[in-house]
Undergrad: 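Quick one: this structure, given as structure tokens, is what I'll be asking you about.
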Amino acid sequence: MNKTELEISKLIKPTLEAEGFALKKDWNSFVRYTDYGFDDFMIVDQGHLGSGYKTIGCAFGVRHDVIQNLFNSMGLIYGEEAQKQNVTLALSFPFIPWQSRESELKIYPETRAEDIQKVAQIITNAFKQHALPFYAKYADLRAVEAKINDSPMANLWPYTAGGVDPTIQVIISLLCAKAVNPNRYDLIKEVFTDKYIENDTVPDAYSERWIAMLYKIDAINLSFGEKV
């Protein structure tokens, strides 16, 4: 965490601690461990972006170990610490894409102290109004699967499944379907192969790698009967 993130974290910390979250500076976020994995609340200093002021955002995430432990076996995330931190579903705040100036939480050099207080209050309100309902709803892996798979591979912004990388999103979608809605698994796989592999929109080597990965996911025996 950098100085700005720490200053904001200090101000919002009592509110999050009251809900069972603890600050993990090395993860750059607050974490609440659960029986399914953990809930995550991250503050992000997006820097100046050439604007003369800092832009701040945050993200709420839920990690379902039954999904992420399998995902980590796919070899796309390197390093034990990175594998511990990945989440199944995240929601970014502000909800309007960051390119929209109206959505930015700004900290100007000349009004730094005042702006940090203001941003911290906005983020505290976002935690209460948006993050807590998010955690409650998506503690159920069936709700996660429905969110990301009702329209396979659709643009979910401001939600993301596993991250912004489309490859990761597809794997998370497939694993979630395997876990709680196996009837949807073949449809998601078909949407991916039609869009990317069979239409030759990815290099052959990447297609071969993906086909091998799909075979690996096909072989996974995961059902709702297990703890999800």
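Just so it is clear, the values below take in all heavy atoms, side chains as well, and ignore hydrogens, waters and symmetry mates.
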Undergrad: Would you say Val170 and Tyr159 are hydrophobically clustered, going by side-chain heavy atoms of ILVMFWY under 4.5 Å?
TA: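 The answer is yes; both residues are in one hydrophobic cluster.
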
Undergrad: Should we count CD of Glu110 as having more than 12 external heavy atoms under 6.0 Å?
TA: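 Yes, CD of Glu110 has more than 12 neighbouring heavy atoms, counting only those of other groups under 6.0 Å.
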
Undergrad: Hey, quick one: are Tyr108 and Val44 part of the same hydrophobic cluster, counting side-chain heavy atoms closer than 4.5 Å, chains of contacts allowed?
TA: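 No; tracing contacts between hydrophobic side chains, which count when under 4.5 Å, never links both residues.
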
Undergrad: Specify the closest pair of heavy atoms between Ile148 and Cys176, including all atoms of both residues, with the distance to one decimal.
TA: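 Result for this residue pair: CD1-SG, 3.9 Å.
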
Undergrad: Supply the atom-to-atom distance Met74 CE to Lys216 NZ, rounded to the nearest 0.5 angstrom.
TA: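 Here the rounded value is 5.5 Å.
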
Undergrad: Check for a donor-acceptor pair, side chain of Trp157 on one end and backbone N or O of Ser92 on the other, with a separation under 3.5 Å.
TA: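 No, because the side chain of Trp157 does not come within donor-acceptor range (under 3.5 Å) of the backbone of Ser92.
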
Undergrad: Less than 4.5 Å apart, side chain to side chain, heavy atoms only: is that true for Lys25 and Leu23?
TA: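 When only atoms from C-beta onward are counted, Leu23 and Lys25 do touch, with a gap below 4.5 Å.
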
Undergrad: Can you find a pair of side-chain heavy atoms, one from Leu70 and one from Lys178, that are under 4.5 Å apart?
TA: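 They are not in contact (no side-chain heavy atoms under 4.5 Å apart), so the answer is no.
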
Undergrad: Taking it one step at a time, do Lys3 and Asp45 satisfy side chain to side chain contact (heavy atoms under 4.5 Å, CB included)?
TA: CA-CA 9 Å; Lys3 181 180 177 181; Asp45 177 356; over 6 Å; no

Undergrad: Just wondering, do Phe71 and Leu175 contact through their side chains at under 4.5 Å, heavy atoms?
TA: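 Answer yes - side chains close enough.
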
Undergrad: What's the shortest heavy-atom distance between Pro109 and Gly52, and which atoms?
TA: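 For Pro109 versus Gly52, the nearest heavy atoms are CD-O, 3.3 Å.
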
Undergrad: To the nearest 0.5 angstrom, please state how far the OG1 atom of Thr111 sits from the CD atom of Gln117.
TA: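 CD of Gln117 is found 12.5 Å from OG1 of Thr111.
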
Undergrad: Parallel, tilted or perpendicular: which one describes the rings of His64 and Tyr36, with boundaries at 30° and 60°?
TA: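 Parallel, since the angle between the ring planes stays under 30°.
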
Undergrad: Using every non-hydrogen atom in the two residues, find where Pro94 and Gly57 come nearest and quote the distance to one decimal.
TA: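 Minimum heavy-atom separation between Pro94 and Gly57: CD-CA, 4.3 Å.
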
Undergrad: Give, for atom NZ of Lys24 and atom OG of Ser9, the distance between the pair rounded to the nearest 0.5 Å.
TA: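 Nearest 0.5 Å value for the NZ-OG distance: 14.0 Å.
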
Undergrad: Counting N and O atoms only, with roles assigned by atom type, does the side chain of Arg63 sit under 3.5 Å from a partner on the main chain of Asn86, one being a donor and the other an acceptor?
TA: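 Such a contact is found between Arg63 side chain and Asn86 backbone.
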
Undergrad: From the options Phe30, Phe41, Phe127, Phe38, select the one residue that forms a ring-ring contact (aromatic ring centres under 6.0 Å, His included) with Phe21.
TA: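 That would be Phe127; it is the only one of Phe30, Phe41, Phe127, Phe38 passing the ring-ring contact (aromatic ring centres under 6.0 Å, His included) with Phe21.
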
Undergrad: Between the side chains of Asn125 and Gln129, does any donor sit under 3.5 Å from an acceptor?
TA: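 No, no side-chain donor-acceptor pair sits under 3.5 Å.
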
Undergrad: Locate the shortest heavy-atom distance separating Glu5 from Ile43; write the atom from each residue and the value.
TA: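 That would be OE2-O, 3.7 Å.
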
Undergrad: Quick check against the 3.5 Å criterion: does Asp39 have a side-chain atom that pairs as donor or acceptor with the backbone of Arg32?
TA: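 No: the side chain of Asp39 does not pair with the backbone of Arg32.
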
Undergrad: I want to check something: taking the side chain as every heavy atom from C-beta on, are Thr160 and Leu156 in contact at a cut-off of under 4.5 Å?
TA: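 Answer no - side chains too far apart.
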
Undergrad: Consider only side-chain N and O atoms of Gln68 and Thr88, and report whether a donor and an acceptor are under 3.5 Å apart.
TA: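 There is such a pair (donor and acceptor under 3.5 Å, judged by atom type) between the side chains of Gln68 and Thr88.
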
Undergrad: Which residues satisfy the ring-ring contact (aromatic ring centres under 6.0 Å, His included) test with Tyr138, sequence neighbours excluded?
TA: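 Phe134.
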
Undergrad: Working to the nearest 0.5 angstrom, can you tell me the gap between Asn72 CG and Ile67 CD1?
TA: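 Asn72 CG to Ile67 CD1: 11.5 Å, rounded to 0.5 Å.
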
Undergrad: Would you confirm whether Lys128, through its side chain, and Thr15, through its main-chain N or O, come within 3.5 Å as a donor-acceptor pair?
TA: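 Checked: no pair found.
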
Undergrad: Rounded at 0.5 Å granularity, tell me how far NZ in Lys137 sits from CG in Leu91.
TA: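 If we round to the nearest 0.5 Å, Lys137:NZ and Leu91:CG are 10.5 Å apart.
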
Undergrad: Check the pair Cys58, Ile56 against side chain to side chain contact (heavy atoms under 4.5 Å, CB included), reporting the backbone distance first and the verdict last.
TA: CA-CA 7 Å; Cys58 61; Ile56 308 298; over 6 Å; no

Undergrad: Backbone N or O of Gly37 within a donor-acceptor pair of the Thr34 side chain at under 3.5 Å?
TA: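 Side chain of Thr34 to backbone of Gly37: a pair is present.
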
Undergrad: Decide whether Leu89 and Ile172 are clustered together by the hydrophobic rule: side chain heavy atoms of Ile, Leu, Val, Met, Phe, Trp, Tyr closer than 4.5 Å, transitively.
TA: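 As far as the 4.5 Å side-chain criterion goes, Ile172 and Leu89 are connected within one cluster.
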
Undergrad: Could you tell me whether the side chain of Tyr53 and the main chain of Leu105 form a donor-acceptor pair under 3.5 Å?
TA: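 Looks like no, no N/O pair under 3.5 Å.
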
Undergrad: Taking atom NZ as the centre, does Lys13 end up with more than 12 heavy-atom neighbours from other residues, nucleotides or ligands that are less than 6.0 angstrom away?
TA: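 For Lys13, atom NZ is not crowded (no more than 12 foreign heavy atoms under 6.0 Å).
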
Undergrad: For residues Trp27 and Ile123: do they belong to one hydrophobic cluster (side chain heavy atoms under 4.5 Å, members Ile, Leu, Val, Met, Phe, Trp, Tyr)?
TA: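 No: no chain of side-chain contacts under 4.5 Å links Trp27 to Ile123.
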
Undergrad: What I'd like to find out is whether the side chain of Lys118 reaches to under 4.5 Å of the side chain of Ile107, using heavy atoms alone.
TA: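 Not touching, per the 4.5 Å side-chain cut-off.
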
Undergrad: Return the minimal non-hydrogen interatomic distance between Ile188 and Ser173, and the atom names on each side.
TA: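 Looks like CD1-O, 3.9 Å.
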
Undergrad: How far does CG of Leu214 sit from CG of Asp218, to the nearest 0.5 angstrom?
TA: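 Interatomic distance, Leu214 CG to Asp218 CG, rounded to 0.5 Å: 6.5 Å.
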
Undergrad: Do we see a donor-acceptor contact under 3.5 Å between the side chains of Asn181 and Arg142?
TA: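 No, no side-chain donor-acceptor pair sits under 3.5 Å.
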
Undergrad: Using every non-hydrogen atom in the two residues, find where Lys189 and Leu174 come nearest and quote the distance to one decimal.
TA: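 That would be N-CD2, 3.8 Å.
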
Undergrad: Considering only NZ, NE, NH1 and NH2 on the basic side and carboxylate oxygens on the acidic side, decide whether Lys84 and Glu81 come within less than 4.0 Å.
TA: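 Salt bridge between Lys84 and Glu81, a charged N being under 4.0 Å from a carboxylate O: yes.
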
Undergrad: Is there a path of hydrophobic side-chain contacts, each under 4.5 Å between heavy atoms of I, L, V, M, F, W or Y residues, that connects Leu11 with Met42?
TA: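 No.
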
Undergrad: Can you name the side chain to side chain donor-acceptor pair (under 3.5 Å) partners of Asp150, sequence neighbours left out?
TA: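 If we apply the side chain to side chain donor-acceptor pair (under 3.5 Å) test to Asp150, skipping adjacent residues, the hits are Arg184.
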
